[in-house]
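No hydrogens, no waters, no symmetry mates; every other heavy atom, side chains included, goes into these values.
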Amino acid sequence: MTRTMSEEQIKNLEKQFEARIARDEKIEPKDWMPEKYRKTHIRQMSQHAHSEVVGMLPEGNWITRAPSLRRKVALLAKIQDEAGHGLYLYSACETLGISRDELYEQLHTGKAKYSSIFNYPTVTWADMGAIGWLVDGAAIINQVPLCSTSFGPYARAMVRVCKEESFHQRQGYEIMLKLTKGAPEQKEMAQDALNRWWWPSLMMFGPPDAESIHTEQSMKWKLKRKTNDELRQQFIDQTVPQADLIGLTIPDPELKWNEETGHYDFGEINWDEFWQVVKGHGPCNKERMNARVGAWEHGEWVRDAAMVYAEKKENRKLNKAV
Amino acid sequence: MKKNWPLWEIFVRSKNGLEHRHFGSLHAADAEMALENARDVYTRRNEGVSIWVVESKHITASNPENNGELFEPAQDKVYRHPTFYDLPDEVKHM
C-alpha cells in the first residue's frame with residue numbers, strides 16, 4: 001500500500017518537475033530531480049569535461065614548436081582555457097553528488113567517453129589552425145544552446161565557456177588565413193589539415209537523428225535545443241564560405257549549394273569510421289589515455305605532498321594558539 | 001596514502017563597489033592554494049579585483065524541501081512594500 005503511494009508520489013513529483021522545466025525554470029543541485037535526470041546530467045557534463053581535458057593533449061603537442069612567440073602565447077592561453085573549462089564542468093558535475101575522483105576514474109578506465117575528435121593526430125602546425133577553426137567552431141555551435149539548458153550549474157558553466165571560446169576559433173582561422181597567404185608549401189599544409197579535419201569535425205555533432213538514442217529526452221530537458229543533423233547543417237552552412245574566403249577547398253565533391261533549401265547539400269559521412277573511433281580504435285585513443293593516466297599517476301606524489309604540507313601548516317597554527 | 005584535496009567555493013568581486021559573487025568551486029589542499037587556483041581558473045580575463053575562498057563543508061545551505069515554510073510567509077505581507085500605502089497624489093518624493 002505504502003509502496004503504491006510512493007510510486008504515485010514520484011510520478012507526481014516527476015510531472016511537477018517536467019512542468020518546471022517547460023516553464024523555463026532552472027533546476028538547482030539540491031532540488032528534487034528524477035534519478036534519470038541526475039544520471040543523464042552526470043554523463044553528459046562529465047563527457048564534456050573529459051573532452052576539454054583530453055582536448056589539451058593534441059594541441060599540447062605543438063606548444064614547443066609554435067612558429068612564433070605570438071602563436072605560442074595564444075596557443076598556451078587556449079590550452080589553459082580548456083583546462084579551466086574542464087574544471088568548471090567537473091565542478092558543475094560534482095554538485096550532483098559524484099566526486100572528482102570518481103569522475104577521473106570513469107575517464108581513466110574507459111567507462112566514460114570523451115569527444116572522439118581528440119583521437120586524431122596533430123601532425124603539422126596547420127592542425128592547430130584547423131582545430132581552432134573547425135573543432136572549436138563545431139564545439140561553439142554545440143555549446144551555445146547549452147547556455148540556457150535546464151540545470152543551473154551546467155548553464156552557468158556554459159556561459160563562461162562560450163564567452164571564452166570565441167577567441168579559440170578566431171586564432172585558429174587566423175592561422176589558416178596566414179598559411180594560405182604564405183608559400184605554396186604552407187598553403188598545401190593548410191589544405192591538407194582541412195582535408196583531414198573536415199569529416200571528423202562533421203562527426204562531432206553525433207550520429208544522424210534517426211540513430212540518435214538520446215535526442216528526445218534531451219530536448220525535453222533542454223540539454224539539446226536542436227537535433228544533431230540541424231546543428232551539423234548549421235556548421236556546414238557557416239563554414240563553407242569561410243573556406244572559400246581563404247581559398248581552401250572543402251574535401252567533399254558532393255558539396256553543393258542548394259538554392260531551394262537554402263542550405264549546402266553534402267556527401268555521405270563515414271559512420272563506420274565514427275563508431276570505430278568511439279569504440280577505441282581511432283589513431284590515437286591509446287596514446288591519449290596513456291598520456292592522461294600517466295599525468296594523473298605521476299602527479300600523485302605532488303597531490304599527496306601538498307595535502308601533508310597543508311596539514312602540517314594547520315597543525316603549526318593550532319600549536320601556536322595553544 | 002589517499003586523501004583528496006577538499007572542495008572550495010570561490011567568490012569574486014568583479015570591481016570595487018560591487019559585492020563578491022559566487023563564481024564556482026575548485027579543489028585545493030589549503031586556503032592559500034585555493035586562492036592561487038581561483039586566480040588562474042576564474043580571473044584569467046580581468047574578471048576580478050578580490051577573491052574569497054571558503055571550504056565548501058563550512059557552508060550551510062537551506063533545503064529546497066523547506067522552501068514553503070521558509071519563504072512562503074513573505075508572500076502575503078504586502079504591507080512590507082511601499083505600494084501598499086495609499087497617499088494623495090500631491091505628496092511627492094515619498
Side-chain angles (χ1 to χ4, degrees), chain A residues 13 17 20 25-33 76-95 99-105 152-154 156-157 159-161 163-164 166-167 299-317, chain B residues 1-15 18-49 51-72 75:
Chain A
L13 281 171
F17 180 86
R20 286 181 66 192
E25 274 181 42
K26 297 288 180 201
I27 307 301
E28 293 296 342
K30 294 185 85 178
D31 292 348
W32 184 88
M33 60 185 77
L76 269 171
K78 177 179 193 285
I79 295 172
Q80 196 189 6
D81 275 352
E82 275 146 15
H85 297 173
L87 283 173
Y88 307 154
L89 289 160
Y90 279 131
S91 299
C93 208
E94 286 173 79
T95 64
S99 73
R100 182 73 61 90
D101 262 45
E102 285 172 274
L103 293 169
Y104 286 156
E105 169 90 10
Y154 196 21
R156 293 193 285 275
V159 169
R160 296 184 57 84
V161 168
K163 245 189 227 164
E164 297 178 355
S166 73
F167 118 71
E300 188 175 357
W301 72 271
V302 180
R303 296 192 299 276
D304 288 348
M307 209 56 224
V308 172
Y309 179 64
E311 279 166 6
K312 203 168 93 181
K313 266 199 311 187
E314 192 58 34
N315 286 338
R316 208 178 285 155
K317 237 192 275 172
Chain B
M1 194 200 69
K2 184 98 174 111
K3 206 160 183 195
N4 295 327
W5 290 0
L7 190 66
W8 300 77
E9 300 303 320
I10 311 303
F11 299 83
V12 177
R13 185 201 295 288
S14 50
K15 64 177 190 190
L18 295 179
E19 63 280 76
H20 285 77
R21 194 168 61 80
H22 184 240
F23 261 47
S25 50
L26 51 78
H27 290 269
D30 58 18
E32 206 178 311
M33 188 195 282
L35 265 183
E36 284 162 4
N37 289 356
R39 168 206 177 259
D40 287 343
V41 178
Y42 292 108
T43 63
R44 288 195 302 283
R45 290 179 174 80
N46 297 316
E47 290 95 335
V49 295
I51 302 173
W52 288 349
V53 301
V54 185
E55 205 178 327
S56 308
K57 69 174 185 196
H58 295 312
I59 290 184
T60 308
S62 64
N63 188 333
E65 274 171 33
N66 303 332
N67 274 9
E69 60 204 80
L70 280 178
F71 305 116
E72 272 167 25
Q75 281 172 12

All N/O donor-acceptor pairs, side-chain side in residues 26-38 of chain B, below 3.5 Å, sequence neighbours left out:
| residue | atom | partner | partner atom | Å |
| --- | --- | --- | --- | --- |
| B:His27 | ND1 | B:Trp5 | O | 2.9 |
| B:His27 | NE2 | A:Glu94 | OE1 | 2.6 |
| B:His27 | NE2 | A:Glu94 | OE2 | 3.3 |
| B:Asp30 | OD1 | B:Glu32 | N | 3.4 |
| B:Asp30 | OD1 | B:Met33 | N | 2.9 |
| B:Asp30 | OD2 | A:Lys313 | NZ | 3.0 |
| B:Glu32 | OE1 | A:Lys313 | NZ | 3.0 |

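- Chain B forms more heavy-atom pairs under 4.5 Å with one residue of A:Leu87, A:Thr95, A:Asp81, A:Asp101 than with any other, namely A:Asp81.
- Within the 4.5 angstrom heavy-atom criterion, only side-chain atoms of B:Glu47, from C-beta onward, approach chain A.
- Interface remark: A:Arg160 contributes side-chain atoms only to the contact with chain B (heavy atom separation under 4.5 Å).
- Open room surrounds NZ on A:Lys163; 12 or fewer heavy atoms of other groups in view lie less than 6.0 Å from it.
- Within a 6.0 Å radius of CZ in B:Arg39, other residues, nucleotides and ligands contribute 12 heavy atoms or fewer.
- Only the backbone of B:Ser62 comes within less than 4.5 Å of a heavy atom in chain A; its side chain stays farther off.
- The line from CG of B:Asp40 to CD of A:Gln80 is 6.0 Å long, rounded to the nearest 0.5 Å.
- Side-chain atoms of B:Phe23 and A:Arg156, non-hydrogen and from C-beta on, never get closer than 4.5 Å to each other.
- The 12-atom threshold is exceeded at CG of A:Asn315, counting heavy atoms of other residues, nucleotides or ligands nearer than 6.0 Å.
- For A:Glu311, the side-chain contact (heavy atoms from CB on, under 4.5 Å) criterion is met by A:Met307, B:Lys3, not counting sequence neighbours.
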>> The test is salt bridge (Lys or Arg N to Asp or Glu O under 4.0 Å); show your working for B:Arg44 and A:Glu164 and say whether it passes.
In response: CA-CA 10 Å; B:Arg44 288 195 302 283; A:Glu164 297 178 355; 2.9 Å; yes
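- Nearest heavy atoms, B:Ser25 versus A:Ser91: O-OG, 2.9 Å.
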